[in-house]
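What you see below is based on every heavy atom in this structure, not just the backbone, and it leaves out hydrogens, waters and symmetry mates.
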Amino acid sequence: MADKLDFSNFTQNVAGFQAALPVFGQLVAWAHLRAAGHLGAAGPDELRAFGASRASWQEEVVAFSREAQLAVEADYLAFHAACHDGALPTAASL
């Protein structure tokens with residue numbers, strides 16, 4: 001069993017990435033708790049209180065990410081059109 005993921009070709013191992021996502025979340029959470037209280041940042045107790053006091057924060061994050069996705073997709077389409085129309089240089093034109 002490998003202890004790494006090949007991010008260059010993640011579409012070939014979707015199940016592996018889906019299985020790894022909870023671990024990534026745990027690692028990020030652990031890193032935040034480890035750094036909690038450092039140089040005036042919120043401490044572990046404050047972080048736990050925040051998580052417990054905001055029943056809808058997950059829905060807010062998901063809603064924000066959906067809005068961000070739409071913005072990124074629109075930006076990509078505008079960028080692609082600009083490249084296609086010659087407004088921006090492409091690798092082929094350099």
Exercise for the section: Please list, chain by chain and in numerical order, all residues satisfying side chain to side chain contact (heavy atoms under 4.5 Å, CB included) with Phe50, sequence neighbours excluded. Expected result: Arg54

Completion exercise
Nearest heavy-atom contact between Pro22 and Gln18 is CD-O, 3.3 Å

Exercise for the section: Without swapping roles, check the side chain of Glu73 against the backbone of Leu70 for a donor-acceptor pair under 3.5 Å. Expected result: no

Side-chain donor/acceptor pairs under 3.5 Å, residues 23-41, sequence neighbours excluded:
none

Practice task
Describe, in one word, how the ring planes of His84 and His80 are oriented to each other, choosing from parallel (under 30°), tilted (30 to 60°) and perpendicular (over 60°).
Solution key: parallel

Problem - Heavy-atom side-chain contact between Val62 and Gln58 under 4.5 Å - result: no

